[in-house]
Amino acid sequence: MSFPLLTATAVVPAVGAIATAALPAAKRTAAKWLALLFSLITFALALVVAFRFDPGAGAPFQLTESHAWIRDFGVRYELGVDGIAVALIALTTLLIPFIILAGWHDADPLEEATPNRRWRPTQGFFALILAVEAMVVLSFEATDVFLFYIFFEAMLIPMYFLIGGFGDRAGRDGEEEAAGRRSYAAVKFLLYNLAGGLIMLAAVIGLYAVTADQLGTGTFSLQQIVEARTAGTLNIGTGTERLLFLGFFFAFAVKAPLWPLHTWLPGAMGESTSPVAVLITAVVDKVGTFAMLRFCLQLFPEASSWATPVILVLALISIVYGALLAVAQRDIKRLIAYASISHFGFIILGIFAMTSQGQGGATLYMVNHGISTAALMLVAGFLISRRGSRLIADYGGVQKVAPVLAGTFLIGGLATLSLPGLAPFVSEFLVLVGTFTRYPVIGIIATLGIVLAALYVLVLYQRTMTGPVKAEVTNMPDLRVRELVVVAPLIALLLFLGVYPKPLTDLVNPAVQHTLSVVDKKDPKPTVQVNAVPGEGRHGHAANDQDVEAAK
Amino acid sequence: MENLIALLVAAPLVGAALLLCGGKRLDRTGHWIGTLLAVASFAVGVALFADMLGRSADHRAMHQYLFSWIPVGGFRADVAFQLDQLSMTFVLLITGVGSLIHIYSIGYMEHDERRRRFFGYLNLFLAAMLLLVLADNYLLLYVGWEGVGLASYLLIGFWQHKPSAATAAKKAFLVNRVGDMGLSIAIMLMFTTFGTFAFGPVLAATGATSEGKLTAIGLMLLLAACGKSAQVPLQSWLGDAMEGPTPVSALIHAATMVTAGVYLITRSGAVFNAAPDAQLAVVVVGAVTLLYGAIVGCAKDDIKKALAGSTMSQIGYMVLAAGLGPIGYAFAIMHLVTHGFFKAGLFLGAGSVMHGMNDEVDMRKYGGLRKYMPVTFLTFGLGYLAIIGFPGLSGFFSKDKIIEAAFAKGGTEGWILGGAALLGAAVTAFYMTRVMLMTFFGEKRWDPKETHPHESPKIMTVPMIVLAVGSVFAGGLFSINESFVTWLEPVTSFAHGHSPVSATTVTASTIVVLLLGVGTAWLMYGRKPVPALAPRGSLLTRAARRDLLQDDFNDLVFVRGGTHLTTTLVQLDRSLVDGAVNGTAASMGGLSSLLRRLQTGFVRSYAVQMLGGAAVLVAATLLMRGV
């Protein structure tokens, strides 16, 4: 048996979480370094996964591991990755070290707090982050529906404590008030997601019942179910399939989040510390959109087509609505949260457009949105920690006193508004094009998002960074070395993936083609046949054709 | 030679990266590095030009393929360049004028503590603009298109501590984004229609496409052009863009970036040729804008805003010409180049005046400056003569051709367009004479105790002189044997227009209206002293001072309406959406009361929570056992 690489990628952060949590109260700094070390090892493992993965190979899932687990009802410990999962695991494991570094001082005990042997918030904070990482990685890897469900739900618990237990240093209202709001946001997060999870659980059980009924032995294996469907041995009735689809989709739409189930997100992102906010929107929420692609579409292709019109409209509402609300926000972090809602609208739009550009773009969007939001949110966090306020109106003229901070904030913002040359442009345009080829009107309305994104980003930048220097920000220090170490690589990555996204598209394309073939959708053909192929008669044309062959 | 094309873009791009990331170390040399790289790009451009001239007319287009950019399914975008005669013209204009303005800025920005950054942005602009004109497909063009928008944003808002500058920068970017929507949709339409958006195949396949599709594509391209080139109805940002340092106004908001819309339309000529309705929209936009800009230019007392109105108006001429099809493309580009010379020269002259006048921009506080700034006066004067179309100078040749082509459009349309173009010429002569008289002639209206007008240093005047030479001779040079038209013909195609009015009549009329315009201005501003405080003015004047109420309209509809909409939505989100979801949950399982109870934050309730989750799992397990 080969080395269980996928298991290892999740076990390492899990062990890291336990080790970090076990450190005594006095070893705060050691706990931070330990957590960072484990997150880096995890990233290294994820890179190994990415290199071992062969996008050209035929099998939909690779590096598979499979063990019987709960024999009585067919639950298997089944792991495997396709290109989409590899990309998202890489994103997750890449972001965690930055999240840890950015949150280096976020969980330091207050100075006036008396040393206490049992109270170890720092250890807890970093252990919880690693725990979330482990569960997110496993939910990207699980190809057994029940196994996925367990991690999908279990990650709520550490997230709940991260949101409720740690926040920005008390603002103007005092610690008591802030703790109350935090607690409210955390509970709201939990209840929304638990509600989604419960409904999904019912659907999971229903799926088992159907397979048990028709195949003789019940199964949760995604691959088995997909194969049985194509072979014709499994035939879920239309009504049942739609119900099951809705059960799954509801849970993922809460997590993604999709309008009108989005209202937990601004609170959760606003009240938690910036690194945790990044964890929510850039990492955890991606499990929702990822699961739509992997489970909703592949388990229930017909119901997916049936629900598409409604979902597209909801996604479109998310795009416009999220952006409009972002414009009106007075709180920096809530603004970014609403912007994320708009961006999740794009991702879901791309997934349900059912074209290779739409779904490829949506997958790229998940990765790029993760990086760009991390950059913007973490810099926003650095800014907020300097002034002790999240209100946009409390800033002004920061550019003059902290030009590097302002510059990185601007680049994060430009990425958020999908400026060409930066990574998010590639994915956003692909989603738009992919939607437009099948649904022109929806595609056109969605392009409104690019104007609104410019509006909320530039208004935010103008109000915080330009104009006369406010008295309270005159002594604001520029980015420190640790902070620069967090932001600079993210920006470099945004630039690289904006100019050369090919490694990512090559990774993702075959998986998207596979998904589309399961759903039985083909890209619309252009109305006019053009003889000349772009790139013809140029250098490198031959190499191009090979790429196309490889992609097939 | 072809492999040198990328170098055109790379040189300024490296400059931008160096200057923006280099830190304080480069503060003392940064401007030289930036200028050197701009000049290097120009040198590469000249070398490529020489190579191109050595080939026969039909084999001049060069291609350079770099790498596959976004390959997803049938969607393929490459990073690849195409350098043909049209792109070459732009390359020389951009790098040539760009280099001159870099040199000028060394002097103009000498006392600015952020000069290094300024040159970094200028280099970034050059790189993006070159990418725009060198791209071989619409998506890569889009990168340059938004890239110049970013550079423009950064440079308009260069003096960010001024709220007016920051607001103007934001406005420019936003209005441009509305135009960019058009470009996005145009590209998407091309992709669904042709399966590609590379120039070659798209423009070759227009014959096989329905006119409706092409009209839609054309109109979307026009929307994009309106944003970038400040054409009605997306023109409102250009006046405010004058908040940027004057060299920026000269390079970006006069000579190059704002003409990108004309490039886009000319480049997409094949689409427009096959879509007469789209063409009609183009000429209407051009004609309306050329009059709009001219009227606004008449009323402004701020020298830069007067020139900005003029820029809109002149680009209106180019758009009008480009909308005329093969009888106009070459003249649109010719006017674009000559305009690049004289308008850049005029702006640099205005900058030189401001430099000597403590950054005063109000022309009512100028007067009689010709004695104090002889070089500026002379170069500005030549630019003035060129733009009003004084016989023999650049503007005369290029504008005359456009007016002639407008008449040649034929029918009533031809008469209307030709008439508008002629009227525009008269108004141009009027407002430019007004600028000239208010600035350089008449009584001094400044306080000699506080203001000490002086000529600018050589590093600023030399670029002005070079541009003045171009303003004088370029038009004539281009017209010898129709050399410019012949040069562009393989790309844009060319047809002689058949004007109902003879060429001589057109020329004679333009000279007459020119004299009328100059004469009226002299009567109003030359013969009698200019009041230092603006008189109330007629209703039209007052409206024109406010950009014909464009901003008031935008403010009422978009700003106020938008604010109202978003604040309402915020309330709805809190009460209705959140409330409805919570309410549904409550009615389903009393979650709301649970929410309230859990909010108390007792550790015990966490435990209950966890226990609840575990119980659910166990229950599920048991349930399944039963299945």
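First the proteins, then the strands, lettered A, B, ... as listed; each starts at 1.
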Engineer: Counting heavy-atom pairs closer than 4.5 Å to chain A, which one of B:W159, B:F199, B:F173 comes out on top?
Structural biologist: B:F173
Engineer: What part of A:L417 gets closer than 4.5 Å to chain B, counting heavy atoms only: side chain, backbone, both or neither?
Structural biologist: both
Engineer: In terms of heavy-atom pairs under 4.5 Å, which option from B:T567, B:D573, B:T209 contacts chain A the most?
Structural biologist: B:D573
Engineer: Sort B:A204 into side chain, backbone, both or neither according to what part of it lies under 4.5 angstrom from a heavy atom of chain A.
Structural biologist: neither
Engineer: Check whether A:L410 gets within reach of chain B through its side chain, its backbone, both or neither, counting any heavy atom under 4.5 Å.
Structural biologist: side chain
Engineer: Is B:D78 reaching over with its side chain to a backbone N or O of B:D136, donor-acceptor style, under 3.5 angstrom?
Structural biologist: no
Engineer: Counting only non-hydrogen atoms closer than 4.5 Å, does A:W264 touch chain B with its backbone (N, CA, C, O), its side chain (CB onward), both, or neither?
Structural biologist: neither
Engineer: Does the B:R177 side chain pair with the main chain of A:I450, one donor and one acceptor, at a distance under 3.5 Å?
Structural biologist: yes
Engineer: Which bit of A:P501 is near chain B, if near means a heavy-atom gap under 4.5 Å: side chain, backbone, both or neither?
Structural biologist: both
Engineer: Parallel, tilted or perpendicular: which one describes the rings of B:F197 and B:F75, with boundaries at 30° and 60°?
Structural biologist: tilted
Engineer: Does any N or O in the side chain of A:Y149 come within less than 3.5 Å of the main-chain N or O of A:G197, such that one atom is a donor and the other an acceptor?
Structural biologist: yes
Engineer: Between B:F194 and chain A, with a heavy-atom cut-off of 4.5 Å, which part of the residue counts as in contact: side chain, backbone, both or neither?
Structural biologist: both
Engineer: Are B:Y142 and A:F425 close enough that their ring centres sit under 6.0 Å apart?
Structural biologist: yes
Engineer: Can you check whether A:R330's main-chain N or O pairs, donor with acceptor, with A:R463's side chain at less than 3.5 Å?
Structural biologist: no
Engineer: Do A:F189 and A:Y160 have their ring centres less than 6.0 Å from each other?
Structural biologist: no
Engineer: For A:V459, which atoms come within 4.5 Å of any heavy atom of chain B: side chain, backbone, both, or neither?
Structural biologist: both
Engineer: Relative to chain A, which segment of B:S164 carries a heavy atom at a distance below 4.5 Å: side chain, backbone, both, or neither?
Structural biologist: neither
Engineer: Look at B:N176, B:I187, B:L189 and state which one has the largest set of heavy-atom pairs under 4.5 Å with chain A.
Structural biologist: B:L189
Engineer: When heavy-atom pairs shorter than 4.5 Å are enumerated against chain A, which of B:T563, B:L569, B:T193 gives the highest number?
Structural biologist: B:T193
Engineer: Is A:Q329 in contact with chain B via its backbone, its side chain, both, or neither, using a 4.5 Å heavy-atom distance?
Structural biologist: side chain
Engineer: List the residues meeting salt bridge (Lys or Arg N to Asp or Glu O under 4.0 Å) with A:K400, not counting sequence neighbours, and say none if there are none.
Structural biologist: B:E113
Engineer: Would you give the length of the straight line joining atom CG of B:L183 to atom CE of B:M188, rounded to the nearest 0.5 angstrom?
Structural biologist: 10.0 Å
Engineer: Contact part of B:L66 toward chain A, heavy-atom cut-off under 4.5 Å: side chain, backbone, both or neither?
Structural biologist: neither
Engineer: Between B:G73, B:P163, B:A166, which has the largest tally of heavy atom pairs under 4.5 Å with chain A?
Structural biologist: B:A166
Engineer: What part of A:V327 is in contact with chain B, defined as an atom under 4.5 angstrom from a non-hydrogen atom: side chain, backbone, both or neither?
Structural biologist: side chain
Engineer: Between A:Y321 and A:H262, what is the ring plane arrangement, given parallel below 30°, perpendicular above 60°, and tilted in between?
Structural biologist: perpendicular
Engineer: Determine, stepwise, if the pair A:T527 / B:T192 fulfils side-chain contact (heavy atoms from CB on, under 4.5 Å).
Structural biologist: CA-CA 7 Å; A:T527 47; B:T192 46; over 6 Å; no
Engineer: With a 4.5 Å cut-off on heavy-atom pairs, point out which of A:L504, A:L364, A:T437 contacts chain B the most.
Structural biologist: A:T437
Engineer: Using non-hydrogen atoms and a 4.5 Å limit, figure out which bit of A:V404 sits close to chain B: side chain, backbone, both or neither.
Structural biologist: neither
Engineer: Would you mind checking which part of A:L419 comes under 4.5 Å of any heavy atom in chain B, side chain (CB onward), backbone (N, CA, C, O), both or neither?
Structural biologist: both
Engineer: Looking only at heavy atoms, what is the nearest atom pair of B:L214 and B:A274, with distance?
Structural biologist: CD1-CB, 3.6 Å
Engineer: What part of A:Q462 is in contact with chain B, defined as an atom under 4.5 angstrom from a non-hydrogen atom: side chain, backbone, both or neither?
Structural biologist: side chain
Engineer: Measure distances from B:L131 to the heavy atoms of chain A and classify the residue's part below 4.5 Å as side chain, backbone, both or neither.
Structural biologist: neither
Engineer: Please round to the nearest 0.5 Å and tell me the distance separating atom CD1 of A:I445 and atom OG1 of A:T435.
Structural biologist: 11.5 Å
